[in-house]
Asker: 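Okay, here's the structure, questions in a sec.
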Amino acid sequence: MAEATEKGAAQDRGETQPEFLQEPTDFSLVLGGPIFQLFRKSRLAGDALELLPWRLLVITLVAWLPLLVFATIGSIGRTSGGLSFFHDVEVHVRFLVALPVLVAAELVAHLRLRPVVRRFVERRMVFPEELGRFHRAIESAVRLRNSVPVECGLLVLVYTLGLWGWNNRVQLGTSTWYAGTGGHFDLTKAGFWYVFVSIPLFQFILLRWYLRLFIWFRFLWHVSRLNLHLIPTHPDRAAGLAFLGKSAFAFAPILFAQGAMLAGVIAGRVLYRGDSLLSFKVQIAGFIVFFVLVILGPLLMFTPGLARAKRKGTADYGLLAQRYVDRFEQKWVLDDDVYTEELLGTGDIQSLADLGNSFALVRDMRPVPFGVEDISRLAAATAAPLLPLLLTIFSPEELITRVIKIVF
């Protein structure tokens, strides 16, 4: 059903779907939409997001290289007390670090998330009678992913609210490499490219990722409404759903890019406005917590199902344990005719231990499909770009010494 719908929709739009996407339970979050089709036709991407280096080079150069050329030409024979292009840390971090990471993140998300959809079926977590609803959830996600109006809406949003937001956020007291003192749109040649090409390009790619996050979590919400086969004794301590927490690391590049953007903003203020890095510690901590919650928080939609599975497992295995230990007590404790030699080496002792382990698994089952390790990995990915800012406080030697003391 999902296969027919996706192929039919693609044919109606004149698109050709890659062959490996024609399986009913195969879904990729990134292989679809008008921009993906444009990249394929322009030889910037293959059916499975090949040609990544070429794509990174072209997109990065379109966003950054004209700024370098125009700013360099415009600075010849002109003196300015404002911020120069080469000292604008925020711009360089945004277009030379965050932007390439956001582009490369497509391949990471494709490789890590594509198998997740299959696991629900391969692990028989979706009952046969629920497969129809499961496939309809995939179809709905595919339609939204491939929607032309949605991506056009993002473009409109970038050139309306995006420009309005930039106009209200940026305060010009002196001339800079991109604008003079005559107002926000008293732009240099570099400024015109920056405001009407580079920034919209970056914002579009970022908003497109936010859309994909919405599509992914909307799909998982539909799945969480199904009657899933959750096994409370599963060793992952999440009734078999721990793979969802692990798969969230597919979005680590997005968090890294967000962290890089924040690092660029803070670096500019510390280096050129005299602010202290420590004055941003609350904002940094809140930033990390917020984005980790953005990625892992939606997985709480599986908590009601996990809670039901734990309650049922506790009751079922409690009854089983009661019956077993009752029989065990009758046979080995209360029976006076039992010989010590018979007790030695009997399998009943091992079975009792195994039953205790099973009950412990149910008792220790988590109410969420992720653990501390998943939280730590995402937090580390978000904080990593901020670490170089420590060099504004410590010398390299002192920083290395402190890191060694912490690690060892």
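In what follows, every heavy atom counts, from backbone to side chain, and hydrogens, waters and symmetry copies are set aside.
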Asker: Donor-acceptor pairs are to be reported for all side-chain atoms of residues 296-310 against protein atoms at under 3.5 Å, with residues two or more places apart or in another chain.
Answerer:
unit_1 : atom_1 : unit_2 : atom_2 : d
T303   : OG1    : L300   : O      : 3.1
T303   : OG1    : P367   : O      : 2.9
K310   : NZ     : R363   : O      : 3.1
K310   : NZ     : M365   : O      : 3.3

Asker: Please check: side-chain N/O of S42 versus main-chain N/O of F39, any donor-acceptor pairing under 3.5 Å?
Answerer: yes
Asker: What I'd like to find out is whether the side chain of R55 reaches to under 4.5 Å of the side chain of L49, using heavy atoms alone.
Answerer: yes
Asker: Got a sec, which residues hit salt bridge (Lys or Arg N to Asp or Glu O under 4.0 Å) with D364, two or more places apart in sequence or on another chain?
Answerer: R237
Asker: For F214, I'd like to know if atom CZ has over 12 heavy atoms of other residues, nucleotides or ligands within 6.0 Å.
Answerer: no
Asker: Between L29 and F219, is the side chain to side chain contact (heavy atoms under 4.5 Å, CB included) condition met? List the steps.
Answerer: CA-CA 10 Å; L29 187 63; F219 165 73; over 6 Å; no
Asker: Between R208 and F36, which heavy-atom pair has the shortest distance, and what is it?
Answerer: NH2-N, 3.7 Å
Asker: Quick one: CG on L278 to CD1 on I284, what's the gap to the nearest 0.5 Å?
Answerer: 9.0 Å
Asker: Kindly compute the distance separating CD1 (I215) from CZ (F27), expressed to the nearest 0.5 Å.
Answerer: 6.5 Å
Asker: S358 side chain to D354 main-chain N or O, any donor-acceptor pair under 3.5 Å?
Answerer: yes
Asker: Please walk me through it: do L31 and D47 pass side chain to side chain contact (heavy atoms under 4.5 Å, CB included)?
Answerer: CA-CA 8 Å; L31 297 190; D47 287 351; over 6 Å; no
Asker: Strictly distance-based, threshold 3.5 Å: is any side-chain N or O of E90 a donor or acceptor partner for the main-chain N or O of D88?
Answerer: no
Asker: Rounded to the nearest 0.5 Å, how far apart are CG of L96 and CH2 of W64?
Answerer: 5.5 Å
Asker: Just by modelled atom types, is the A45 backbone N or O under 3.5 Å from a matching donor or acceptor in the W54 side chain?
Answerer: no
Asker: Measure the CD-CG distance between E50 and L107 for me, rounded to the nearest 0.5 Å.
Answerer: 8.5 Å
Asker: Of all heavy-atom pairs between A179 and L187, which one has the smallest distance, and what is that distance?
Answerer: CB-CD2, 4.0 Å
Asker: Parallel under 30°, tilted from 30 to 60°, perpendicular over 60°: which one fits the rings of F95 and F202?
Answerer: perpendicular
Asker: Give a yes or no on whether the backbone of L361 and the side-chain of T233 come within a donor-acceptor separation of less than 3.5 Å.
Answerer: no
Asker: Below 30° counts as parallel, above 60° as perpendicular, anything between as tilted: where do the rings of Y272 and H87 land?
Answerer: perpendicular
Asker: What is the minimum heavy-atom distance between F217 and V294, and which atoms define it?
Answerer: CE1-O, 3.8 Å
Asker: With distance as the sole test, does R366 use its side chain to make a donor-acceptor pair with the main-chain N or O of A238 at under 3.5 Å?
Answerer: no
Asker: Between atom CZ of R94 and atom CG of L206, what is the distance when rounded to the nearest 0.5 Å?
Answerer: 9.5 Å
Asker: Check P200 against Y194 and note the closest heavy-atom contact, atom names and distance.
Answerer: CD-O, 4.1 Å
Asker: Does Y159 reach the main-chain N or O of F196 with its side chain, forming a donor-acceptor pair under 3.5 Å?
Answerer: yes
Asker: So which atom in V362 and which in Y317 form the shortest heavy-atom distance, rounded to 0.1 Å?
Answerer: CG2-CD1, 4.0 Å
Asker: Could you go through the side chain to side chain contact (heavy atoms under 4.5 Å, CB included) check for R133 and H222 one step at a time?
Answerer: CA-CA 8 Å; R133 293 175 61 192; H222 285 299; over 6 Å; no
Asker: Any non-hydrogen side-chain atom of F204 less than 4.5 Å from a side-chain atom of I35?
Answerer: yes
Asker: Between G33 and N146, what is the shortest heavy-atom contact and its length?
Answerer: N-OD1, 3.1 Å
Asker: Give me each pair satisfying ring pair (Phe, Tyr, Trp, His ring centres under 6.0 Å) with a member in residues 274-296, each pair once, sequence neighbours excluded.
Answerer: F287-F291
Asker: Between Q37 and R40, do the side chains contain a donor N or O and an acceptor N or O under 3.5 Å apart?
Answerer: yes
Asker: Are L241 and F370 packed together at the side-chain level, in the sense that at least one heavy-atom pair is separated by less than 4.5 angstrom?
Answerer: no
Asker: Got a sec, which residues hit ring-ring contact (aromatic ring centres under 6.0 Å, His included) with F86, two or more places apart in sequence or on another chain?
Answerer: none
Asker: Could you check S140 against R218 for side chain to side chain donor-acceptor pair (under 3.5 Å), going step by step and ending with a plain yes or no?
Answerer: CA-CA 9 Å; S140 178; R218 180 174 173 268; 2.8 Å; yes
Asker: Just how far is it from atom OG1 of T60 to atom CG of L99, taken to the nearest 0.5 Å?
Answerer: 5.0 Å
Asker: Sub-3.5 Å donor-acceptor pair from the side chain of E130 to the main-chain atoms of N227, do we have one?
Answerer: yes
Asker: For residues W177 and L67, determine if any side-chain heavy atom of one lies less than 4.5 Å from a side-chain heavy atom of the other.
Answerer: yes
Asker: Using distance only, find each side-chain donor-acceptor pair of residues 242-269 under 3.5 Å and give its atom names and separation, not counting sequence neighbours.
Answerer:
unit_1 : atom_1 : unit_2 : atom_2 : d
K246   : NZ     : E373   : OE1    : 3.3
K246   : NZ     : D374   : OD1    : 3.3
S247   : OG     : F243   : O      : 3.3
S247   : OG     : L244   : O      : 2.7
Q258   : NE2    : Y210   : OH     : 2.5

Asker: Please check if the number of heavy atoms outside Q322 that lie under 6.0 Å from its CD is greater than 12.
Answerer: no
Asker: Which residues satisfy the salt bridge (Lys or Arg N to Asp or Glu O under 4.0 Å) test with R123, sequence neighbours excluded?
Answerer: none
Asker: So, D275 side chain and V270 main chain: donor-acceptor pair closer than 3.5 Å or not?
Answerer: no
Asker: Check whether the ring centres of F85 and H92 lie less than 6.0 Å apart, and answer yes or no.
Answerer: yes
